[in-house]
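Read through the structure below, which is laid out as structure tokens, and then see the notes.
Remember, it's a predicted structure, so these values are computed and weren't measured experimentally. Both ligands and their constituent atoms are indexed starting at 1 by order of listing.
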Amino acid sequence: MKQIRKKAKSRRRTTIFITGGVMSGVGKGVTTASIGALLKARGLKVTAVKIDPYLNVDPGTMNPIEHGEVFVTKDGLETDQDLGNYERFLDEDLGRINYMTSGSIFQTIINRERAMGYHGKTVEWVPDVPNEIIGRIKAAAEIADADVTIVEIGGTVGEYQNLLYLEACRMMRLENPGSVLIGLVSYLPVPGNLGEMKTKPTQYAARSLNAAGLQPDLIICRSAQPIDEPRKRKLSVSCNVASEDVIAAPDVASIYDVPLKLEVQNVAERIIAKLKLKKNKVDGKKWRELSARIKRSVKPVKIGVVGKYFSTGDFTLSDAYLSVLESIKHAAWHVGRKPEIVWLNSEGFEKDHADFNKQMKQLDGILIPGGFGSRGIEGKMMAIKYAREHKLPYLGLCYGMQLALVEIARNELNWKDANTTEINPETAHPVIHLMDEQEKKMEDKNYGGSMRLGDYPCVLKKGTKTRQLYREEIVRERHRHRYEANPMYREDFESKGVVFSGLSPDNKLAEIIELKNHPFFIASQFHPEFTSRPFRPNPLFLGFVKAAAQNKKR
Ligand code: GLN
């Protein structure tokens with residue numbers, strides 16, 4: 001008891017809110033993550049929180065074209081891709097507490113109200129909603145024992161659904177004026193007919209903050225070219241911010257150059273001075289090395305990513321596979337190669353076989369990421385068969401493993417009707433089937449947050465390629481799926497050269513498979529892309545890209 005009473009000296013908590021101006025999708029997440037990395041490089045403990053103002057409780061049930069990637073935290077929350085950016089830049093695991101949506105906030109408040117948690121008082125939009133938001137931000141800071149908590153508010157400041165978050169920011173600042181900073185990440189357009197960079201939209205964004213009772217401390221200017229001095233002065237005067245606090249954040253070749261671009265403008269030092277944080281020596285060596293390594297990697301390695309969520313109208317989106325893309329990059333740079341990603345739409349393969357062969361021939365490796373539903377799966381299995389027969393390196397992730405087993409069942413075991421019950425519940429060969437605990441959830445239409453989510457241990461079999469890559473017996477990786485390989489067919493698969501190289505500790509679930517007599521054919525039920533970091537590529541990606549790079553030499 002005595003020890004508990006002797007409270008450890010807690011750190012002073014400070015918070016930086018990052019808001020958006022003019023438009024979203026300009027790299028607020030990467031900016032937030034980069035600021036975090038720079039502060040961490042000064043020995044500070046940093047954590048980050050993402051707020052998505054929409055009413056979905058989490059993005060797990062949203063269409064990938066609508067939302068982009070669903071990033072799964074270690075403790076099993078389906079979150080936004082920015083959490084992935086934070087984990088990669090901060091090199092820290094984050095959790096449920098680092099993410100919130102308006103839906104999740106209201107759900108908590110309403111549940112609390114129903115349980116008499118407000119003791120019969122009227123529950124008000126203000127202050128009860130901001131108080132819940134503030135409570136979560138503070139909890140995230142406590143859990144990480146952070147000196148600095150960076151809170152990114154999704155979308156832009158003028159939006160109706162952002163108001164309560166800005167109010168939370170205002171209330172926190174009022175409570176502790178020297179410990180809360182506000183950054184505005186804004187976009188500066190150069191209209192084609194003018195050829196001149198315009199600051200007015202950013203001025204209006206700063207006004208929107210002012211209208212919410214807030215004053216930005218930093219304005220980070222996203223633009224194609226760096227903002228020049230006269231425009232910095234203009235923003236400084238009109239937005240009431242020192243000229244040195246108007247920061248240029250032009251487009252860069254690699255997002256991992258962003259911390260370096262911000263560093264030369266003293267962003268972290270300005271923040272440290274404003275928040276009166278203890279100044280530590282900067283250790284930016286690993287970022288400089290990474291940037292140099294990226295520039296040195298010129299010889300390409302060509303990876304085909306076969307998926308279906310690529311087009312919206314006339315635009316092609318790769319956002320749905322952001323972590324996969326980053327993981328390929330991490331691994332490629334690690335082996336000194338330039339990652340060249342070819343986005344292949346599996347639906348197209350099914351229609352045009354000649355084009356399919358042409359596409360396959362140019363590749364050094366094939367990757368099939370996670371997915372759901374029937375659209376495009378026959379094309380994916382064509383690619384798997386090609387990789388298997390042409391000894392082309394293959395990495396399958398989640399659906400990419402399930403479909404590999406279906407393909408092998410159909411073409412090697414000759415069970416032509418083999419399938420996953422996700423597609424054909426009546427198949428006589430359900431090689432992939434619903435997990436027991438999932439069955440009931442599906443019957444009850446309980447879709448949100450009800451998959452097998454988050455990290456689970458996996459035991460790697462001795463003597464396998466997988467074990468060689470991980471160099472460990474037990475690894476933990478993150479999952480997001482409802483179906484699994486049916487253990488009934490394990491021996492049949494083994495007779496065709498499939499090795500179940502990773503199993504759950506109780507041996508029930510197949511977590512990784514690999515093929516004998518193939519230079520690299522590995523597929524996992526989990527998503528290794530969620531644990532790859534620029535300084536520590538995930539072993540499966542590293543092995544895959546290495547094999548693909550060797551393929552080129554042959
Ligand atoms: N649709 C498959 C399942 O639910 C795979 C999911 C995924 O690839 N993330 O099991």
Should the pair Trp343 and Tyr321 be assigned to parallel (<30°), tilted (30 to 60°) or perpendicular (>60°) ring geometry? parallel
Ring pair (Phe, Tyr, Trp, His ring centres under 6.0 Å) pairs touching residues 459-486, sequence neighbours excluded, are Tyr456-His479, His479-His481, His479-Phe526
Take atom NZ in Lys465; do more than 12 heavy atoms of anything else shown fall under 6.0 Å from it? yes
Non-hydrogen atoms of Phe544 and Leu367 that approach each other most closely: CE2-CD1, 4.0 Å
Would you call the rings of Phe89 and Tyr256 parallel, tilted or perpendicular, where under 30° means parallel and over 60° means perpendicular? parallel
The protein residues that pass the under-4.0 Å heavy-atom test against ligand 1 are Gly370, Gly371, Phe372, Cys398, Tyr399, Gln402, Glu422, Arg480, His481, Arg482, Tyr483, His527
With Glu407 as reference, evaluate Arg388, Lys385, Lys380 under the salt bridge (charged side-chain N to carboxylate O under 4.0 Å, His left out) test and give the passing residue. Arg388
